[in-house]
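A short worksheet on the structure shown next.
The model shown is predicted, which means the values in this text are computed figures rather than measured ones. Values below: all heavy atoms of this structure, side chains included; hydrogens, waters and symmetry mates excluded.
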Amino acid sequence: MEYRKLDDSNFNQNTLDGFIRHQEVKECWRKIDGEWQLVPNVFEENWPLQECRETAGDIARHMNKDQTAFGAFDGSKLVGFITVSHRMFGSTARYAELVCFQVSEPYRNQGIGKHLFALACQEAVRLGAEKLYISAHSSKESQAAYRAFGCVLAAEINETLAEKEPCDVQLEYKL
C-alpha cells in the first residue's frame with residue numbers, strides 16, 4: 001500500500017469510480033434522555049457512481065486550497081482517503097475538522113484507516129491544531145473504529161456540523 005498526498009496529478013473527479021462505499025448498519029448510537037444508547041437501526045449505505053463522482057469533485061475542489069487530502073493506493077487504485085480542513089474553529093480556535101474519511105469495503109480491517117488517520121493527525125498538528133474534530137457516523141462499527149483510534153466525545157460541539165448531520169456523533173482526538 002502506498003500513501004500519498006492527493007493533488008491534481010493523482011486525483012480527479014473520476015478517481016473514486018471503482019470505490020466501494022458500502023456499509024450494512026444494524027445498530028446506531030443515539031442520545032436518549034441525555035445518555036448515549038445503542039439502538040436498532042437497520043439500513044444499508046451504498047454510494048452509486050454519481051455520489052462517488054460528487055464526492056471526488058468536492059475533494060478535488062478543496063484539496064490543497066482549504067483542505068489537505070491523503071490517499072491510500074493499491075497500485076494505481078485509490079482504496080482509502082482522508083481530508084482535513086485548514087480552517088480552525090472552537091473557543092480557542094484549536095480544532096481542525098476531519099472532513100471526509102473512507103476506506104473501500106474490500107480493504108477495511110487491514111490498517112489502512114489507522115495509517116490515514118495518523119497522516120490526518122500529523123497534518124492537523126502542522127496546521128496548528130490541538131484537536132481533530134470529527135462529526136462521525138453513528139453506526140456501531142464506525143464508532144468502534146474511532147474509539148479504537150482514541151477518539152472521545154467532543155468537549156466543545158460545533159453546532160453547524162451537528163445540525164448538518166443530526167444523527168452523527170461529535171468526537172475529538174487530542175493531538
Hey, what do you get for [atom1] ([X]) to [atom2] ([Y]), rounding to the nearest 0.5 Å?
X	Y	atom1	atom2	result
Glu97	Lys131	CD	NZ	15.5 Å
Arg94	Phe89	CZ	CZ	13.0 Å
Tyr133	Asn158	OH	CG	5.0 Å
Gln13	Arg61	CD	CZ	7.5 Å
Ile82	Gln67	CD1	CD	11.5 Å

With a 4.5 Å heavy-atom cut-off, do [X] and [Y] have their side chains touching?
X	Y	answer
Leu119	Lys5	no
Val79	Met1	yes
Gln143	Leu171	yes
Arg53	Asp17	yes
Asp58	Glu54	no
Phe43	Cys28	yes
Val169	Tyr146	no
Leu16	Glu51	no

Please report the shortest heavy-atom distance between [X] and [Y], naming the atom on each side.
X	Y	answer
Met88	Ala96	CE-CB, 3.7 Å
Glu156	Ser91	OE2-N, 2.6 Å
Ser85	Leu127	O-CD1, 3.6 Å
Ala155	Tyr95	N-OH, 3.8 Å
Phe11	Met63	O-CE, 3.8 Å
Leu116	Gly71	CD2-C, 4.0 Å

Can you tell me if [X] uses its side chain to pair, donor with acceptor, with the backbone of [Y] under 3.5 Å?
X	Y	value
Gln37	Trp29	no
Asn64	Leu6	yes
Asn10	Thr15	no
Ser142	Ser138	no

Can a salt bridge be assigned to the pair Glu45 and Arg21 using a cut-off of 4.0 Å between side-chain N and carboxylate O?
yes

Identified side-chain hydrogen bond (donor to acceptor under 3.5 Å, both in side chains) counterpart of Thr68 within the set His86, His62, Gln122:
His86

Classify the ring geometry between Phe149 and Phe117 as parallel (under 30°), tilted (30 to 60°) or perpendicular (over 60°).
parallel

Do we see a donor-acceptor contact under 3.5 Å between the side chains of Asp74 and Tyr107?
yes

Verify whether one side chain among Gln170 and Ser135 offers a donor that lies under 3.5 Å from an acceptor in the other.
yes

For Phe81, the option from Phe73, Phe101, Phe70, Phe19 that meets side chain to side chain contact (heavy atoms under 4.5 Å, CB included)
Phe19

